[in-house]
Amino acid sequence: MLEQLLIFTRGGLILWTCKELGNALKGSPIDTLIRSCLLEERSGDASYNYDAPGVAYTLKWNFHNELGLIFVAVYQRILHLLYVDDLLSMVKREFSQMYDPKRTVYNDFDDVFRQLRKEAEARAEDMKRSKQAVKPVSNLSRKQLSAAAQKAGSEDGIKQKGGASGKDGGDGDFVKGRKLENGYSNGIGIEESHAPGVVKNKENGSSENGAFDVNKIQKLRSKGAKKSDTTSKAPKAEPKKKAIKKNRVWDDSPRESKLDFTDPVDERGDENITVMADQGESMMDREEIVSSESEAEEDEEAEKDNKVNAKKKGWFSSMFQSIAGKANLEKSDLEPALKALKDRLMTKNVAEEIAEKLCESVAASLEGKKQASFTRLSSTVQTAMEEALVRILTPRRSIDILRDVHVAKEQGKPYVVVFVGVNGVGKSTNLAKVAYWLLQHNVSVMMAACDTFRSGAVEQLRTHARRLQIPIFEKGYEKDPAIVAKEAIQEATRNGSDVVLVDTAGRMQDNEPLMRALSKLINLNSPDLVLFVGEALVGNDAVDQLSKFNQKLADLSTSSNTRLIDGILLTKFDTIDDKVGAALSMVYISGAPVMFVGCGQSYTDLKKLNVKVIVKTLLK
Amino acid sequence: MEGMEKWTNQLQQWLYQVEHWVHQTPASSLYVAIGVIFFTPLILLLISLFRRTKSNTIVLAGLTGSGKTTLFYQLRDGSPHLGTATSMEPNEGSFMLHSEFSKRGKIKPVHVVDVPGHSRLRPNLDKYLPQTAGLIFVVDAVEFLPNCRATAEYLYDILAKASLVKRKIHVLIVCNKTDKVTAHTKEFIRKQLEKEMDKLRASRTAISDADIANEFTLGVTGEAFTFSQCHNKVTIAEASGLTGDIAQIEQFIREHVKP
């Protein structure tokens, strides 16, 4: 039973709800659907799950893009209703016929809806019944098949052992082959009693079993061979270990005596380190000079190429259509243009499934729309995709960190930022850059060295702290990072620092114990900002990294409000040229905005994400 | 055939007469005559263009969930119908206000635009600002305190936009949902907003210019921020979209879109 079915416009006015299903919906599933799914460019998904205290709904939707209408059906998740998709498309057809932009009351649709619902339910019942008729036959056959396979398998097993124990390869094969044939015939003999239509499946199944057994035989044979090989290898390894590696000399240049250029530093003295007073303005504060003219030219060239590449067969018809304006866009028309767009996105290093979902979402929003005259199909699709990309990359919440710092300052506690990420993405380097930027805006910063695993991590941060002249809280190695962070925050409250930047060790997203440790750190200290550091060079793994990080943080959190990733710091941006897709993949999968972009290795190389430039680069 | 010849003869005579007259009149007066003929339509066009800059657009803006779409339909039809959902696109309409349907005489229709409040759809507002005659900023008076900061940020961004300040557009802050018991008063909301915007002013000016796209800074440095310090007029009113208590809004609209 449906909970509710709504029809509303894209502008937000509800045109019709079913009055028979009078149950008021608990919570606000429609608004949540719009905010977290449709506006997030996930309209290509099949359904949306809404959870609120006391209810669990599933929502399905359909669009009528030409008239700007949205049809949403809500039902309880435990009931798996099959007729909802059918019902939605029928409702869409009927309602679009009686829709008038000036009308706002559609009471006569009630009767139509009642009829449609009965039809849909009846159709679903029929389908269910026909499915049930097919099922019992296949169940029985499956049991028979497994029994036959077990018999054949056990027979073969015994014979295989006999074969491997010492017989010659050729004879053993011949014997096994015959036994397999027996196994086959046994299987088939049992099957012949059943309906012929089902026999084919079972034959395939038994042949698979037979193939599996052949593989087993080969493995056993190779195992026997392996044992003889390892014995011969062992004596060869020993003499190699005794030879020492010599230092390689390339030309006849004199050998360098000292390769260690680190300054001799003792624990307290800092005279040898040059103090990093001012390296200039951080790039965060400099406006980016966007050369729009050259990009426009490149766009035109690309379009010309597209025109030339278009099929000559359809040239006249497409020209005619572009002038006249085709009636309605069908999915089949959109497919080639979308496929081209998807490939272009993927060449820009966007993760494959993200590109796929985006294209589906754009298709869902363009289907059935009337193509305006004087526009080509590809340009319509391109504009729609551009809008979608701008929408995704525009941050959902304010990324004004300085404002948040001021708020925390007034409340008298330090603003805590935790840097998380996988190994080697640049957490410590970018932590120092963020500290430099904050210092330029007269915010007092303190670093907390909670990477207690990697050798040299604490020294690295100590060097940065000395150059920036800011306090650092460290407890050496092999300590619990969560406790170190807690004490660092207490120290910051005591000495009045505005911001605490916490550095953590890099960890792979599927390393369970390390993710648990990270979760403990976050739960214990409840930081104000959890910043995920990701490198722009990453490809499809970005999706996996972010989703697993978020999932582990959500699963292992103990308190009621789960802290997820609040922002993304994109690093190594200067290495990727124009393959900027990682930014899009990360923002799409996590919903968190990109707060900083690291574009170099010195302190000033930190900037903000320019959404328009990124979108332009992605669609070039 | 003879008639035709007669006509052609007469035509030729007239032409000859015209030529003779043209040669007779002095050249300067001829030029003046031609100039006048060409320039009067041009001047008329320019005058009409200048006249048209007095637009009749009113923009409804505010955070998501504050009740803009409900107000839009109240103004247009006098009832919010079956309710609203989060808008994904702007609602535009050129109509006479519902309460003025009964009035006689020719009343100029008002072009009202309801811009979605969801943060991802903010760029839509910039499209309509250049042609607006008045801006209505809708605030949810019931759920005011949890959203105070976001409201203040949005309002600050709007008040600092160049297109608004230069044309001195009147902004009306409407405290919506006053039919509910727990709604705050407009005085309380005004004070809270002024306090928040003062804090915002401090943090925004601390950041260098390239960071935030605020083209103007609000208020007077050294003094606490009040709405009276803004270059353009800012007033506060109360309304309730669901029950139809929108008299103050209609008054505002009528002030700016002369009938």
query: Where is the tightest heavy-atom contact between A:G11 and B:S87, given as atom of each residue plus distance?
result: O-OG, 2.7 Å
- line: Ranked by heavy-atom pairs below 4.5 Å to chain A, first place among B:T69, B:L121, B:T84 goes to B:T84
B:R149 vs A:V407 side-chain heavy atoms within contact, under 4.5 Å: yes
- prompt: A:I34 and B:H118: side-chain contact (heavy atoms from CB on, under 4.5 Å), yes or no, with the steps?
  reply: CA-CA 10 Å; A:I34 298 178; B:H118 195 262; over 6 Å; no
Under 4.5 Å from any heavy atom of chain B - which part of A:L15: backbone
task: Would you mind telling me which of A:L393, A:I70, A:I392 has the largest number of heavy-atom pairs within less than 4.5 Å of chain B?
output: A:I392
message: Less than 4.5 Å to any heavy atom of chain B: does that hold for the side chain of A:L13, its backbone, both, or neither?
response: both
